[in-house]
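What follows is a set of notes on a single structure, which appears directly below.
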Amino acid sequence: MDKFIFHIQRFDGEKKWLQRYELPYEPGKTVLWALTTIKDDLDPTLNFTSACRHAICGSCGIKVNGHSFLSCKTSLDELVARFKTTALTFEPMGNFDVVRDLVIDWKPKMEKMKKVNPWLSPASHGSKSDGFIQSKEEADAIAKPTDCILCGACASECNQLDVNDGSYLDPFIFNKAYRFLVDSRDNAPDARLKPVVENGLWKCLHCNECVTQCPKGIPLTDQIAYLRQRSMENGERNNQGARHAYAFHDDVRSKGRLNEMMLPVKTDGVVKTVTKKIPFAYRMIAKGKINPFHFPKKIDGIEGVRKIYSENEKERV
Amino acid sequence: MLTYDVVVVGAGGAGMMAALSASENKNLNVACLSKIFPTRSHTGAAQGGINAAMGNRDNTDSPERHFKDTVKGSDFLADQDAVEFFTKRMPEIIQELDYYGVPFSRDENGKVAQRPFGGASSPRTCYSADKTGHVILHSVYEQCLKNNVTFLDEWFLLSLVVEEDECHGLVAMDIKSGEIHGIKAKSIVIASGGFGRIYWNRTTNAFNMTGDGTAACFEAGIPVKDPEFVQFHPTGLASTGILLSEACRGEGGYLLNKDGERFMKKYAPDKMELAPRDLVSRSIEMEIKAGRGFGEGLEAYVLMDLRHLGEEKIMERLPQVRELALDFEGTDLMKEPVPIRPSCHYMMGGIHVINPETLETPVKGIHAAGECACVSLHGANRLGGNSVADVVLFGKYAGIGARKTAEQRSFSGDTLLTEKATEWHDKFHTMRQKEAGKSLVEIRNTMAGTMWDNVGIFRKKDEMVHALETIEQLIEDYKETFIGDAAIRYNMAFVNYVEIGNLLTLAKAVAMGAIAREESRGSHSREDFPERRDDEFLKHTLIYKEGDDYRLDHCPVSITSYTPEERVY
Ligand SMILES: Cc1cc2nc3c(=O)[nH]c(=O)nc-3n(C[C@H](O)[C@H](O)[C@H](O)COP(=O)(O)OP(=O)(O)OC[C@H]3O[C@@H](n4cnc5c(N)ncnc54)[C@H](O)[C@@H]3O)c2cc1C
Ligand code: SF4
Ligand code: SF4
Ligand code: FES
């Protein structure tokens with residue numbers, strides 16, 4: 001291998017094009033090295049954002065061959081090995097407005113984030129002059145979610161955001177809601193739970209793309225599951241999402257697995273499914289996200305699954 | 001014309017604390033302007049922690065001891081009135097941050113956990129694992145959102161509009177649209193961070209740490225104080241300069257030379273690896289010079305060994321550090337020692353502040369806080385964990401100061417603001433049209449190489465004079481450079497062009513201050529003057545810019561409690 005070839009998506013506010021650049025191969029370099037070297041040596045009109053260069057500021061996310069990465073911590077050698085080519089395509093992250101070239105706009109995301117009241121509502125056992133007492137275990141609960149660097153990789157990968165009308169909260173916003181919900185110093189659970197339910201909590205597709213690409217390993221889907229559980233405990237049962245959860249429950253009980261094709265019908269009712277969900281499903285099918293020909297059969301050992309359910313139900317009574 | 005009562009330039013720890021405290025007066029219209037999205041600010045890179053004498057881990061600790069350690073660490077150049085003001089209030093600020101939601105690590109009593117740091121007589125560095133700056137930055141940002149502070153994200157300060165020591169406002173570019181605006185303000189807080197990028201890649205600093213606010217103040221007639229004091233952090237990764245936190249040494253890491261010897265026993269037998277940064281950095285360079293490092297020349301390094309801490313402690317206290325070493329040096333520090341070398345880290349000097357309680361500068365209406373400013377809290381050498389502390393505390397008081405200033409002043413200077421905005425607009429236009437000239441990248445790289453080789457860790461007169469001449473030549477070359485991008489929208493080539501101009505302006509002040517200070521003190525280490533010389537140099541450097549000329553002056557150090565003595569660790 002003697003050179004890298006990069007196809008970089010350019011955008012000047014009106015038109016979009018792919019531009020080709022070449023750099024001599026060097027081992028052990030990062031994507032950010034490629035971008036800065038191109039800007040310094042080949043083309044000063046190329047624009048991207050970066051700051052810390054060590055995976056803490058969150059500014060350097062881009063898509064490489066369709067997947068989102070932090071360019072400062074992503075090694076070119078690994079990408080070449082993974083995609084089995086020295087020709088890489090760089091694009092701005094998905095589900096963001098693009099300003100120029102690889103530069104995206106965060107302002108609208110922050111406006112959306114305000115819906116979950118992303119700030120501590122201090123509980124009464126603390127004060128500005130004495131702070132709080134918080135146990136190590138309580139502090140552990142917020143250690144992981146506060147690792148989020150707002151890089152947007154999760155949002156860029158999110159399949160629901162991709163097809164959604166814009167109201168769906170970005171995974172990092174669910175993380176923010178979760179972060180305050182589980183903070184022992186916070187006293188405003190409703191200020192997080194209500195807005196997440198109203199903004200698509202039950203629409204998450206469990207595709208796990210967000211978790212896979214998060215450079216900080218934040219368990220976003222576990223958090224979404226937790227938010228759902230808390231919202232149901234909070235009496236948010238009679239909404240579409242909670243009905244979805246019960247449909248899920250029934251499917252697994254009867255067949256031992258989920259019938260993705262039938263879920264929308266049970267959740268929304270037939271009329272709504274036909275008018276609202278089918279176009280959506282088309283888009284999903286077109287993108288290869290769901291397989292319309294997949295009808296679940298009973299899995300082996302369904303008796304075991306049913307037993308788990310009935311044991312569980314006995315315990316609850 | 002855009003008009004705000006208070007404009008804060010910078011959205012790092014200092015800027016956002018200032019915006020937050022200024023916005024406590026609901027009648028004031030407060031804007032916070034930042035060239036990068038707020039949470040990208042370099043405060044987020046601070047790993048190790050923030051100093052405050054809480055006494056949570058060691059109940060004999062006190063603000064007085066923090067005061068004394070800071071003064072000693074500063075090699076007696078810090079202003080003691082400022083240090084005392086600071087150390088007394090730090091414990092309150094930690095409680096305040098706790099109340100804002102900062103996820104501090106906790107001790108067994110549920111209080112904020114503390115760890116030892118270099119140059120401190122007690123374990124007083126509060127932390128959140130090794131992401132302390134990151135969580136503080138995000139929490140303070142959240143509080144600003146709560147207080148409805150207006151954020152002008154990706155707006156770039158071009159210059160301050162000052163006439164006869166009165167400030168009317170500033171000129172800034174909205175990078176996304178490329179529009180240039182005059183902004184009228186009753187008071188301004190400059191909180192634009194440091195300028196470690198005068199060494200370009202040989203620094204732990206982010207790409208954008210280019211000292212724009214410091215340069216703008218300098219151009220507006222405010223002197224730069226003590227620019228010769230540049231901190232080199234001992235533990236930058238050998239190949240990239242990326243920082244491994246002082247927490248590594250704080251938690252008990254060893255420094256080893258090629259013979260496997262813990263060489264710090266020769267330089268600081270008592271404190272060993274926990275001696276202050278200036279001393280440890282020099283010790284590493286001495287080992288390398290004496291041929292006891294690995295590799296040669298710019299590639300040389302020594303090792304830091306953490307293996308004896310055990311995997312559990314490393315994963316609990318230093319998880320990010322481990323990841324950094326893995327990602328950027330390819331070394332798993334649980335299994336092998338990691339190659340390190342000093343890297344430019346912090347600027348002790350900066351905008352001359354004349355009152356530590358209000359953070360005023362000599363120009364009416366301009367306040368300054370954080371790394372861009374010189375209060376002077378750190379004197380000739382900053383202690384680890386004292387900068388994030390500095391930014392939140394003095395950021396807060398700058399916000400209060402600016403609020404009071406705004407309450408007393410009225411808007412002025414419309415014509416002048418319009419004129420200055422037009423000048424910048426024309427300059428932008430000219431630079432966009434220009435198609436050839438000297439290479440900006442070459443100018444930048446020559447500056448960085450010259451500064452590293454001649455105004456680095458060890459300094460001598462003739463080398464520094466050579467550096468000064470080179471920088472002056474580069475300032476001439478800069479006038480003939482071009483940017484190569486004709487776009488209006490998001491023209492980073494133009495932004496980088498202004499940034500490099502600012503770096504050159506400041507690099508010259510660093511070289512000048514370093515040549516004039518014929519002594520060794522703190523981070524400023526002269527081979528030709530190895531001793532500290534209190535009789536002549538126990539004073540601050542002030543450099544003024546008058547047109548194209550630089551003028552050197554001095555001002556006294558405030559000494560209230562501790563008379564200078566020899567500094568041994
Ligand atoms: C890797 C690293 C680790 C560190 N670890 C520690 C530590 O553990 N403990 C400690 O105490 N200190 C530490 N420090 C030092 C400390 O982090 C910094 O000194 C401090 O955070 C600076 O904060 P600030 O608010 O002054 O500036 P910054 O956080 O750097 O923010 C500067 C702001 O100014 C804005 N700005 C700059 N120029 C312009 C312009 N022209 N127009 C508009 N806006 C502009 C930027 O956008 C940014 O928002 C560390 C530093 C580094 C580099
Ligand atoms: S799991 Fe949910 S939130 Fe994550 S990417 Fe998929 S749809 Fe989006
Ligand atoms: S959750 Fe992960 S991927 Fe998403 S913004 Fe935060 S750090 Fe980035
Ligand atoms: S440059 Fe900061 S995260 Fe990549």
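Computation of the quantities below employed the complete heavy-atom set of this structure, encompassing side-chain atoms and omitting hydrogens, waters and symmetry-equivalent molecules. Letters A, B, ... mirror the listed sequences (proteins, then strands); counts begin at 1.
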Side chain, backbone, both or neither: which part of [X] has a non-hydrogen atom closer than 4.5 Å to chain A?
{"X": "Val495(B)", "value": "neither"}
{"X": "Ser177(B)", "value": "neither"}
{"X": "Ile93(B)", "value": "neither"}
{"X": "Tyr100(B)", "value": "both"}

Is the count of non-hydrogen atoms from other residues, nucleotides or ligands lying under 6.0 Å from [X] atom [atom1] greater than 12?
{"X": "Lys114(A)", "atom1": "NZ", "answer": "yes"}
{"X": "Lys88(B)", "atom1": "NZ", "answer": "no"}
{"X": "Glu198(A)", "atom1": "CD", "answer": "yes"}
{"X": "Glu435(B)", "atom1": "CD", "answer": "no"}
{"X": "Glu299(B)", "atom1": "CD", "answer": "no"}
{"X": "Glu442(B)", "atom1": "CD", "answer": "no"}
{"X": "Lys73(A)", "atom1": "NZ", "answer": "yes"}

Atom pair [atom1] ([X]) and [atom2] ([Y]), whose distance is rounded to the nearest 0.5 Å:
{"X": "Cys52(A)", "Y": "Ile242(B)", "atom1": "SG", "atom2": "CD1", "answer": "8.0 Å"}
{"X": "Thr203(B)", "Y": "Arg53(A)", "atom1": "OG1", "atom2": "CZ", "answer": "6.5 Å"}
{"X": "Arg40(B)", "Y": "Trp106(A)", "atom1": "CZ", "atom2": "CH2", "answer": "5.5 Å"}
{"X": "Ser127(A)", "Y": "Glu96(B)", "atom1": "OG", "atom2": "CD", "answer": "10.5 Å"}
{"X": "Phe37(B)", "Y": "Thr49(A)", "atom1": "CZ", "atom2": "OG1", "answer": "11.0 Å"}
{"X": "Ile133(A)", "Y": "Asp107(B)", "atom1": "CD1", "atom2": "CG", "answer": "8.0 Å"}

With a 4.5 angstrom heavy-atom cut-off, could you sort out which part of [X] is near chain B: side chain, backbone, both or neither?
{"X": "Lys128(A)", "result": "both"}
{"X": "Ile149(A)", "result": "both"}
{"X": "Val99(A)", "result": "both"}
{"X": "Asp140(A)", "result": "neither"}

What residue in [options] has the most heavy-atom pairs under 4.5 Å with chain B?
{"options": "Lys136(A), Lys39(A), Lys176(A)", "value": "Lys136(A)"}
{"options": "Asp43(A), Asp41(A), Asp101(A), Asp40(A)", "value": "Asp40(A)"}
{"options": "Ser135(A), Ser75(A), Cys148(A), Ala55(A)", "value": "Cys148(A)"}
{"options": "Ala139(A), Ser121(A), Pro122(A)", "value": "Pro122(A)"}
{"options": "Asp147(A), Asn117(A), Thr74(A)", "value": "Asp147(A)"}
{"options": "Met110(A), Glu137(A), Lys216(A)", "value": "Met110(A)"}

Of all heavy-atom pairs between [X] and [Y], which one has the smallest distance, and what is that distance?
{"X": "Pro103(B)", "Y": "Ile142(A)", "result": "CB-CD1, 3.6 Å"}
{"X": "Asn47(A)", "Y": "Asp485(B)", "result": "ND2-OD2, 4.1 Å"}
{"X": "Val98(A)", "Y": "Arg489(B)", "result": "O-NH2, 4.2 Å"}
{"X": "Ala487(B)", "Y": "Arg100(A)", "result": "CB-NH1, 3.4 Å"}
{"X": "Ala493(B)", "Y": "Pro44(A)", "result": "CB-O, 3.8 Å"}

Is there a side-chain contact between [X] and [Y], using heavy atoms and a 4.5 Å cut-off?
{"X": "Glu142(B)", "Y": "Leu120(A)", "result": "no"}
{"X": "Lys131(B)", "Y": "Thr146(A)", "result": "yes"}
{"X": "Arg185(A)", "Y": "Tyr99(B)", "result": "no"}
{"X": "Arg106(B)", "Y": "Glu138(A)", "result": "no"}
{"X": "His54(A)", "Y": "Thr204(B)", "result": "no"}
{"X": "Gln320(B)", "Y": "Ile56(A)", "result": "yes"}

- Message: With side chain to side chain contact (heavy atoms under 4.5 Å, CB included) as the criterion, how do Phe151(B) and Lys107(A) come out once you've worked through the C-alpha distance, each side chain's angles and the decisive distance to 0.1 Å?
- Response: CA-CA 9 Å; Phe151(B) 280 100; Lys107(A) 198 95 195 165; 3.9 Å; yes

Identify which of [options] forms the greatest number of heavy-atom pairs closer than 4.5 Å to chain A.
{"options": "Ala113(B), Gly101(B), Ala206(B), Ser439(B)", "answer": "Gly101(B)"}
{"options": "Val135(B), Leu145(B), Asn208(B)", "answer": "Leu145(B)"}
{"options": "Gln47(B), Glu92(B), His134(B)", "answer": "His134(B)"}

